[in-house]
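Here the structure comes first, spelled out in structure tokens, and everything after it is commentary.
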Amino acid sequence: VTAPSGEFFIDQNRLIVNGPVVARSASGFSLDGNNIEVNLETNRVDTTEPVSGALPMGTFRADKFSADLKGRTITMQGGVKLRLQPGKTR
């Protein structure tokens with residue numbers, strides 16, 4: 001993860017990363033956005049500003065984004081564009 005700044009709230013176990021934020025993983029996931037909040041206690045990632053990114057199965061863009069890392073679910077809202085690559089969804 002790279003970003004110009006961020007704040008860690010120890011008492012809340014919460015990190016707010018101020019953008020532009022660029023996050024990449026070795027497994028092919030990426031997320032680009034601004035002001036992304038990471039709750040380390042609940043394993044959630046949330047933003048209320050537009051994001052874009054990629055998954056091993058395709059790319060996405062949305063006005064709002066939430067991910068439950070434990071539950072392995074992603075919720076996108078507003079202006080959502082999702083492009084899946086055939087054969088990559090398994």
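All values below were derived from every heavy atom in this structure, side-chain atoms included, with hydrogens, water molecules and symmetry-related copies excluded.
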Practice problem: Using the side-chain contact (heavy atoms from CB on, under 4.5 Å) rule, take Phe8 and Val38 through it: C-alpha gap first, then chi angles, then the decisive distance, then the call. | Solution: CA-CA 9 Å; Phe8 182 59; Val38 181; over 6 Å; no

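- Between Val1 and Val21 there is a side-chain heavy-atom pair separated by less than 4.5 Å.
- Between the CD atom in Glu49 and the CG atom in Asn35 there is a gap of 4.5 Å [rounded to 0.5 Å].
- Atom CG of Leu55 sits about 10.0 Å away from atom CD of Gln85, to the nearest 0.5 Å.
- The two residues Val17 and Ala3 make their nearest non-hydrogen contact at CG1-CB, 3.2 Å.
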Quiz item: How far apart are the C-alpha atoms of Val80 and Lys64, what are their side-chain angles, what is the distance that settles it, and do they pass the side-chain contact (heavy atoms from CB on, under 4.5 Å) test?
Solution: CA-CA 9 Å; Val80 176; Lys64 293 181 181 181; over 6 Å; no

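- The environment of Gln12 atom CD is dense: over 12 non-hydrogen atoms of other residues, nucleotides or ligands sit within 6.0 angstrom.
- The shortest heavy-atom contact between Gly19 and Pro4 is O-CG, 3.5 Å.
- Closest of all the heavy-atom pairs between Pro50 and Arg61 is CB-NH2, 3.9 Å.
- In terms of hydrophobic clustering, with Ile, Leu, Val, Met, Phe, Trp and Tyr side chains grouped at heavy-atom distances under 4.5 Å, Phe29 and Leu82 are assigned to a common cluster.
- To the nearest 0.5 Å, the span separating CG on Asp63 from OG1 on Thr48 amounts to 10.5 Å.
- Residue Pro56 comes nearest to Ser27 through the heavy atom pair CG-O, 3.4 Å, listed as atom of the first residue, atom of the second, then distance.
- Linking Ile, Leu, Val, Met, Phe, Trp and Tyr whenever their side-chain heavy atoms come within less than 4.5 Å leaves Ile16 and Val51 in two separate clusters.
- Within the 4.5 Å cutoff, no side-chain heavy atoms of Ile74 are placed close to those of Phe60.
- Neither Leu15 nor Val22 shares a network with the other; the hydrophobic side chains, linked directly or stepwise wherever heavy atoms of I, L, V, M, F, W or Y lie under 4.5 Å apart, form separate groups for each.
- For the atom pair Arg14 CZ and Glu7 CD, the distance stands at 8.5 Å (nearest 0.5 Å).
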Quiz item: side-chain contact (heavy atoms from CB on, under 4.5 Å) between Ile36 and Phe65: does it pass, once the steps are laid out?
Solution: CA-CA 9 Å; Ile36 294 173; Phe65 175 91; over 6 Å; no

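- By the 4.5 Å heavy-atom criterion applied to side chains, Thr47 and Val45 are not counted as neighbours.
- Taking CG of Asp46 as the start and CG of Asp68 as the end, the distance is 9.5 Å to the nearest 0.5 Å.
- Summarising the geometry of Arg24 relative to Asp32, their closest heavy-atom pair is NH1-OD1, 3.0 Å, with the distance given to 0.1 Å.
- Between the OG1 atom in Thr59 and the NZ atom in Lys81 there is a gap of 10.5 Å [rounded to 0.5 Å].
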